[in-house]
Structures are given as structure tokens and as C-alpha cells.
Amino acid sequence: MRVSMTLSLPRQPSSATRARRVLITLLSLTDVSEDTRANLAVLISEACANAVIHADPDSDVDITISIDDQVCLIEVGNRGRSPDNTKLDADLPAPLTIGGRGLPLIGALADTAAFVTGAPGQVLLRITKHLADARAAPTR
């Protein structure tokens, strides 16, 4: 099975919720485990929230979700500046620091996550999660 969807949502906090709901709906068509579904929901929520916070004011948040038997690919893009020296495997900030946990969380939960080259002026975060070993146990 292969399913994909592309969304262009306004730069609003509610767009993270909308994107997460779409992903959960698409994942309901698969036999991926609940744990993996939950991890993917966190991944898309954090990526979209990051785009909403850091995008140019007039930018939309562009999301592509592709799911097949092997992998879930999520791409979240927006117009803005590419992050400088942003590491997805960075340490978490001090406990009382506000913000700064999204990218390290994405790095920890995804199999791969990286900012990739997009169109000029476009910031694009590509996230992959392998699904081959994330199948739900069959019910009896």
C-alpha cells in the first residue's frame, strides 16, 4: 500500500494540530503499531510548530506525508532562512528553559531527520521513520 498527501496550511498554531490529525488518519489505514503512530504524531507536531514559529510572516506551512509498507516520510517546509548550524541531535536545554526541545526531540524519535535544500528561500525539514519493524501485533 502507498498513500500520500500534500497540505498547505496557514502559519498558525492550529496548523500543527491539523497536520497531526491528517497523519493519524492516514496511519489508521496501516497496521503500524500504536507506539510508532504516537512517535510520528509527535514528529509532525514538533516540525509544524517549528515552522509556524520560525517561518516568514507571510509564509504557509507546506507538508508532504508519504507512507508505504517500509517508511513514513514527512516533509515540512516554509519560506524563511535556513537554520545555521542547527543540529537535530543537540542536547536538550536546561529544564527551566522555555523552548528549544523540538529539534532534539525530532532527532531522537526519527530514523533520519535533516534540513535539505529546497527552492530558494525555502526551509525544508525531511523526516523518515522506518515501518517494517513497527507493525502492530496481530489480534487473536
Side-chain angles (χ1 to χ4, degrees):
M1 177 179 77
R2 178 166 165 71
V3 62
S4 63
M5 178 171 277
T6 301
L7 308 162
S8 187
L9 300 173
R11 185 181 164 259
Q12 302 172 347
S14 62
S15 291
T17 302
R18 290 182 182 132
R20 184 176 59 249
R21 286 181 183 159
V22 168
L23 176 64
I24 290 168
T25 299
L26 294 175
L27 288 169
S28 73
L29 303 172
T30 73
D31 60 350
V32 174
S33 71
E34 288 298 319
D35 284 346
T36 300
R37 289 179 196 199
N39 286 344
L40 285 161
V42 170
L43 287 166
I44 199 166
S45 296
E46 291 297 329
C48 288
N50 194 57
V52 166
I53 291 167
H54 297 290
D56 286 351
D58 62 340
S59 179
D60 287 334
V61 177
D62 299 317
I63 303 157
T64 300
I65 302 167
S66 297
I67 304 168
D68 63 26
D69 293 331
Q70 302 300 315
V71 70
C72 177
L73 170 69
I74 300 169
E75 292 182 334
V76 178
N78 58 274
R79 282 192 318 279
R81 280 193 356 239
S82 293
D84 295 329
N85 299 322
T86 302
K87 297 195 180 218
L88 297 169
D89 60 354
D91 291 332
L92 291 171
L96 298 179
T97 302
I98 296 173
R101 289 168 181 75
L103 293 179
L105 187 58
I106 290 170
L109 292 177
D111 290 320
T112 65
F115 287 98
V116 298
T117 303
Q122 184 82 3
V123 177
L124 185 63
L125 176 59
R126 181 174 291 151
I127 301 167
T128 60
K129 184 80 173 162
H130 298 287
L131 304 177
D133 297 326
R135 301 285 174 220
T139 57
R140 297 180 187 214

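No hydrogens, no waters, no symmetry mates; every other heavy atom, side chains included, goes into these values.
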*Asks:* What residues, two or more places apart in sequence or in another chain, satisfy side chain to side chain contact (heavy atoms under 4.5 Å, CB included) together with Ser8?
*Replies:* Asp60, Asp62
*Asks:* For Arg37, check salt bridge (charged side-chain N to carboxylate O under 4.0 Å, His left out) against everything at least two apart and list the hits.
*Replies:* Glu34
*Asks:* Show which side-chain atoms of residues 18-25 pair as donor or acceptor with protein atoms under 3.5 Å away, not counting sequence neighbours.
*Replies:*
unit_1 : atom_1 : unit_2 : atom_2 : d
Arg20  : NH1    : Ser45  : OG     : 2.8
Thr25  : OG1    : Arg21  : O      : 2.9

*Asks:* Locate the shortest heavy-atom distance separating Asp68 from Leu131; write the atom from each residue and the value.
*Replies:* O-CD1, 3.6 Å
*Asks:* Report the residues that fulfil side chain to side chain contact (heavy atoms under 4.5 Å, CB included) with Ala49, sequence neighbours left out, ordered by chain and then residue number.
*Replies:* none
*Asks:* Could you give the distance from CG (Leu27) to CD1 (Ile65), rounded to the nearest 0.5 Å?
*Replies:* 8.0 Å
*Asks:* Identify the heavy atoms of Ala110 and Ile127 that sit nearest to each other, and give their distance.
*Replies:* CB-CG2, 3.6 Å
*Asks:* What verdict does the side chain to side chain contact (heavy atoms under 4.5 Å, CB included) test give for Thr30 and Met1, after you've listed the backbone C-alpha separation in whole Å, the side-chain angles of each residue and the deciding distance to 0.1 Å?
*Replies:* CA-CA 8 Å; Thr30 73; Met1 177 179 77; 3.3 Å; yes
*Asks:* Roughly how far, to the nearest 0.5 Å, is NZ of Lys129 from CG of Leu43?
*Replies:* 7.0 Å
*Asks:* Closest heavy-atom contact between Pro10 and Val61?
*Replies:* O-CG2, 4.3 Å
*Asks:* To the closest 0.5 Å, what do you measure between CD1 (Ile74) and CG (Leu125)?
*Replies:* 9.5 Å
*Asks:* Taking salt bridge (charged side-chain N to carboxylate O under 4.0 Å, His left out) as the test, write out the residues that go with Arg79, two or more places apart.
*Replies:* Asp58
*Asks:* Nearest 0.5 Å, please: how far is SG in Cys72 from CD1 in Ile44?
*Replies:* 7.5 Å
*Asks:* Taking atom CG of Asp111 and atom NE2 of His130, what is their separation to the nearest 0.5 Å?
*Replies:* 4.5 Å
*Asks:* Please test His54 against Val123 for side chain to side chain contact (heavy atoms under 4.5 Å, CB included), starting from the C-alpha separation and ending with a verdict.
*Replies:* CA-CA 10 Å; His54 297 290; Val123 177; over 6 Å; no
*Asks:* Could you tell me the separation between the CG atom of Leu103 and the CG atom of Asn50, rounded to the nearest 0.5 Å?
*Replies:* 4.5 Å
*Asks:* Report whether Leu109 and Ile67 are members of the same hydrophobic cluster (ILVMFWY, side-chain heavy atoms less than 4.5 Å apart, transitive linking).
*Replies:* yes
*Asks:* Count I, L, V, M, F, W, Y as connected when their side-chain heavy atoms are under 4.5 Å apart, and connections chain through other members. Are Ile63 and Leu73 then in the same cluster?
*Replies:* no
*Asks:* Show the nearest heavy-atom pair for residues Ile53 and Arg11, with the distance to one decimal.
*Replies:* O-NH2, 3.7 Å
*Asks:* Which atom names give the shortest non-hydrogen contact between Val76 and Ala51, and what distance separates them?
*Replies:* CG1-CB, 3.9 Å
*Asks:* Tell me, please, which residues at least two apart from Leu124 pass side chain to side chain contact (heavy atoms under 4.5 Å, CB included).
*Replies:* Glu75, Val116, Arg126
*Asks:* With a 4.5 Å cut-off on side-chain heavy-atom distances among I, L, V, M, F, W and Y, is there a chain of contacts connecting Leu9 to Met5?
*Replies:* yes
